[in-house]
Amino acid sequence: VYTASSCGVCGKTSIAALRAAAPWPLPPAAPTLDADTVHALPARLRAAQATFDRTGGLHAAALFDRAGALGRLCEDVGRHNAVDKVIGAELLAGALPAHDGVLLV
């Protein structure tokens, strides 16, 4: 069995090769956020990065709600790993699918 830690785009030879089936039905529309909320999210993410404050060298991924409230944040040396940690924690908490959430990296 071959496995990789990449995002899934690396090594693909065509757009068609990126197609994947979602394990849950997708909602009819994506979450809608106002522009002010979107612009505020990076500062909220950065303000919550306690480990980055100490080390200066970690990536973060965070799940926010539509109002811009931080729900879950994970840090790791790899951006993909931080995303995997957020999704894994949500899965273990029984919080998937997270149709109303917004993931920021």
Asks: Distance-only, no hydrogens or angles: does the E75 side chain make a donor-acceptor pair with backbone N or O of F52 under 3.5 Å?
Replies: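 Side chain of E75 to backbone of F52, a donor-acceptor pair under 3.5 Å: yes, one is there.
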Asks: Any chance you could measure R66, atom CZ, to H99, atom NE2, to the nearest 0.5 Å?
Replies: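 These two atoms lie 11.0 Å from each other.
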Asks: Check R72 against A89 and note the closest heavy-atom contact, atom names and distance.
Replies: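 Scanning both residues completely, I find the closest heavy atoms to be CD-CB, 3.4 Å.
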Asks: Transitively linked via ILVMFWY side-chain contacts under 4.5 Å: V38 with L104?
Replies: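 Yes, one cluster joins them.
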Asks: Looking at side-chain heavy atoms only, is the closest gap between V77 and L58 below 4.5 Å?
Replies: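 A side-chain contact under 4.5 Å exists here.
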Asks: For the residue pair A61 and V105, what are the closest heavy atoms and their distance?
Replies: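 Minimum heavy-atom contact is CB-CG1, 3.9 Å.
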Asks: Could you tell me whether the side chain of V102 reaches within less than 4.5 Å of the side chain of L33, counting heavy atoms only?
Replies: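 They are in side-chain contact.
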Asks: With a 4.0 Å cut-off, would you call D53 and R46 a salt bridge?
Replies: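 Result for this pair is yes, salt bridge flagged.
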Asks: Tell me the closest heavy-atom pair linking A62 and L70, and the distance in Å.
Replies: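 That closest heavy-atom pairing would be CB-CD1, 3.6 Å.
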Asks: Within a strict 4.5 Å, meaning less than it, do heavy atoms of the H59 and D76 side chains meet?
Replies: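 In short, these two side chains do not touch, never coming nearer than 4.5 Å.
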Asks: Hey, does the side chain of T55 reach the backbone of T51 with a donor-acceptor pair shorter than 3.5 angstrom?
Replies: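 Pair found, side chain donor or acceptor close to backbone of T51.
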Asks: Please report the interatomic distance CG(D84) to CD1(I87), rounded to the nearest 0.5 Å.
Replies: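 Reported value, rounded in 0.5 Å steps: 6.5 Å.
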Asks: Locate the shortest heavy-atom distance separating A60 from Q49; write the atom from each residue and the value.
Replies: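 Between these two residues, the closest heavy atoms are CB-NE2, 3.3 Å.
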Asks: Could you check whether any side-chain heavy atom of V83 comes within less than 4.5 Å of a side-chain heavy atom of L103, counting everything from C-beta outward?
Replies: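 Result yes, sub-4.5 Å side-chain heavy-atom pair found.
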Asks: Is there side-chain contact between L45 and L73, with heavy atoms separated by less than 4.5 Å?
Replies: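 When only atoms from C-beta onward are counted, L73 and L45 do touch, with a gap below 4.5 Å.
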Asks: What's the shortest heavy-atom distance between C74 and A82, and which atoms?
Replies: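 Between these two residues, the closest heavy atoms are O-CB, 3.6 Å.
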